[in-house]
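Each chain gets a letter, A, B and so on, in the order the sequences are listed, and its residues count up from 1.
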Amino acid sequence: MPELPEVETVRRGIAPVLEGARFLKVQARRKDLRIPIPDDFSFELTGKKIIKVGRRSKYILIHIEDGPVVILHLGMSGKVTLYKLDEGATPEIGKHDHLIFETDGGMRMIYTDPRRFGLVTFADPDKLDEHPLLASMGPEPLSNSFHSDYLMEKLAKRKSPIKNVLLDQKIIAGLGNIYVCEALFRAHINPERHAATLNKREVEALVPIINDIIREAIAAGGSSLKDYAQVDGELGYFQHQFQAYGREDQACINQGCGGTIDRIAQSGRSTFYCKRCQL
DNA sequence: ACACGCTCCTGAACGC
DNA sequence: TGCGTTCAGGAGCGTG
């Protein structure tokens with residue numbers, strides 16, 4: 001599932017292909033994903049130049065010269081694939097390939113999303129921060145505004161389990177189920193603890209751990225990026241080893257712990273953690 | 001302001 | 001082998 005590091009990896013993969021190029025052809029193959037695709041989607045983008053490919057949280061932001069910003073979200077199952085059009089047979093369009101972009105550089109970019117939890121929409125570049133999808137979003141975990149004083153203050157008001165609060169995009173942007181489990185495991189914090197019970201020392205430890213986990217995952221994603229000029233391919237899903245997530249019934253990796261990773265449900269979502277060393 | 005459950009969707013995995 | 005059921009989950013939305 002794409003969380004911030006996967007989305008950043010997609011961004012880094014498509015940026016060199018799109019930035020400075022022009023869209024020669026843009027096609028939306030259905031009317032909606034999670035929300036309607038703009039009626040004028042193709043019209044607004046065809047022939048336009050791409051200035052910059054950015055990211056906010058899990059949203060990819062494609063800035064168009066004299067045009068809108070394209071907000072692209074991968075949802076649960078969204079993927080982006082790049083092909084070079086002049087090399088051999090072009091792969092067939094699949095039934096879940098919803099968006100097709102072709103550039104004057106001879107590249108085709110496909111957006112695929114079987115579950116359609118993703119979305120694509122337009123934003124006004126002058127009011128990007130005010131767009132409803134972005135307006136109430138918390139700080140980026142790697143930004144200066146995400147620090148322990150900030151998090152401490154936010155957690156103090158929350159009665160919910162720390163796991164749920166870290167998933168709240170208004171508190172911190174970009175974390176999903178996997179990286180929250182990993183961060184709490186590394187910080188030795190029990191995911192069921194009420195957020196407000198975390199003390200200063202724990203929050204001061206948690207913030208750099210979240211930073212490290214996101215940084216490491218982005219680095220892993222970066223090293224998985226192929227050179228688009230040489231190899232066609234799917235972006236953003238890369239091999240990554242998790243210490244807690246998905247390891248139900250396996251041994252806790254912490255030295256001398258001897259515990260086993262448990263799986264519980266919190267708000268209908270799986271949490272993986274070690275009862276013995278996450279306190 | 002916060003908490004919580006519901007909803008969207010499809011493919012994979014599982015049980016009989 | 002095949003069919004039905006359950007599960008996975010990001011995040012907006014409505015309700016309390």
Side-chain angles (χ1 to χ4, degrees), chain A residues 1-11 28-37 55-61 71-81 93-99 110-121 123 130-141 150-184 191-198 214 217 234 236-237 240 242 244-249 261-273:
Chain A
M1 306 108 239
E3 300 183 27
L4 188 156
E6 288 77 16
V7 176
E8 175 60 18
T9 302
V10 172
R11 190 198 68 76
R29 302 185 62 249
R30 51 177 299 129
K31 284 197 187 64
D32 57 69
L33 294 167
R34 188 156 64 76
I35 62 173
I37 297 171
R55 179 189 59 75
R56 173 78 168 101
S57 187
K58 300 171 196 172
Y59 297 95
I60 291 172
L61 306 172
I71 301 183
L72 188 66
H73 190 268
L74 301 174
M76 281 287 303
S77 54
K79 294 173 206 184
V80 172
T81 313
I93 303 299
K95 68 169 172 168
H96 301 303
D97 294 341
H98 307 306
L99 304 173
I110 309 266
Y111 172 90
T112 312
D113 184 10
R115 288 184 204 173
R116 307 207 298 276
F117 275 22
L119 64 84
V120 68
T121 191
E130 297 165 38
H131 190 279
L133 289 169
L134 308 176
S136 57
M137 186 158 282
E140 289 283 312
Y150 164 82
L151 189 59
M152 193 73 196
E153 187 200 317
K154 290 289 183 189
L155 297 189
K157 297 173 194 160
R158 297 296 210 109
K159 279 187 118 89
S160 302
I162 183 65
K163 156 83 186 300
N164 298 37
V165 174
L166 292 178
L167 282 174
D168 185 339
Q169 303 297 301
K170 292 192 268 309
I171 305 287
I172 173 170
L175 297 187
N177 203 39
I178 294 174
Y179 293 109
V180 167
C181 287
E182 292 296 298
L184 291 174
E192 296 192 285
R193 292 256 310 272
H194 292 300
T197 70
L198 269 68
I214 296 295
E234 201 173 274
Y237 290 78
H240 196 60
F242 301 119
Y245 186 85
R247 295 191 67 250
E248 185 181 13
D249 295 334
I261 300 297
D262 269 325
R263 172 194 186 129
I264 59 170
Q266 292 183 281
S267 298
R269 231 136 269 170
S270 292
T271 300
F272 297 87
Y273 79 114

Below 4.0 angstrom, N of the basic side chain to O of the carboxylate: do A:Asp168 and A:Arg158 qualify?
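Yes, charged N to carboxylate O under 4.0 Å.
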
With the threshold set at 4.0 Å, does a side-chain nitrogen-carboxylate oxygen contact exist between A:Arg56 and A:Glu140?
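Yes, A:Arg56 and A:Glu140 are salt-bridged.
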
Report the nucleotide, chosen from C:dC7, C:dG10, C:dA11, that has the shortest atom-to-atom distance to any side-chain atom of A:Gln169.
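Closest of the options to the side chain of A:Gln169: C:dA11.
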
Any donor-acceptor pair under 3.5 Å linking the side chain of A:Glu248 with the backbone of A:Phe272?
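No, A:Glu248 side chain to A:Phe272 backbone: no donor-acceptor pair under 3.5 Å.
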
For [X] and [N], what is the distance between atoms [atom1] and [atom2] respectively, to the nearest whole Å?
X	N	atom1	atom2	result
A:Leu72	C:dG10	CG	P	17 Å
A:Lys170	C:dA11	NZ	C1'	9 Å
A:Asp113	C:dG10	CG	P	13 Å
A:Leu33	C:dA11	CG	C1'	15 Å
A:Leu167	C:dG9	CG	P	10 Å
A:Ile71	C:dG12	CD1	P	11 Å
A:Leu166	C:dG10	CG	C1'	16 Å

What class does the angle between the rings of A:Tyr59 and A:His73 fall in, given that below 30° is parallel, 30 to 60° is tilted and above 60° is perpendicular?
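Because their plane-to-plane angle lies in the 30° to 60° range, the rings of A:Tyr59 and A:His73 count as tilted.
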
Students often mix this up, so state it plainly: with edges at 30° and 60°, are the rings of A:Tyr111 and A:His98 parallel, tilted or perpendicular?
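Plane angle between 30° and 60°, so tilted.
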
What residue among A:Glu192, A:Gln266, A:Arg263 forms side chain to side chain donor-acceptor pair (under 3.5 Å) with A:Thr271?
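For A:Thr271, the side chain to side chain donor-acceptor pair (under 3.5 Å) test succeeds with only one of A:Glu192, A:Gln266, A:Arg263, which is A:Gln266.
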
Does [N] have OP1 or OP2 sitting under 4.0 Å from an N or O in the side chain of [X]?
X	N	value
A:Ser270	C:dC7	no
A:Ser77	C:dG9	no
A:Tyr179	C:dG10	no

Hey, does A:Phe272 reach any base, or is it just sugar-phosphate, or nothing, if we go heavy atoms under 4.0 Å?
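No contact at all - A:Phe272 keeps every heavy atom at 4.0 Å or more from the nucleic acid.
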
Assign A:Ile35 to base, sugar-phosphate, or nothing according to its heavy-atom contacts below 4.0 angstrom with the strands shown.
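Since no nucleic acid heavy atom lies under 4.0 Å of A:Ile35, the category is nothing.
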
Take A:Val80 and A:Leu74 through the test side-chain contact (heavy atoms from CB on, under 4.5 Å) and record every step on the way to the result.
CA-CA 9 Å; A:Val80 172; A:Leu74 301 174; 4.1 Å; yes

What string of B, S and - do you get for nucleotides 1-14 of chain B, 5' to 3', when a contact is any protein heavy atom under 4.0 Å?
-SSS---BBBS---

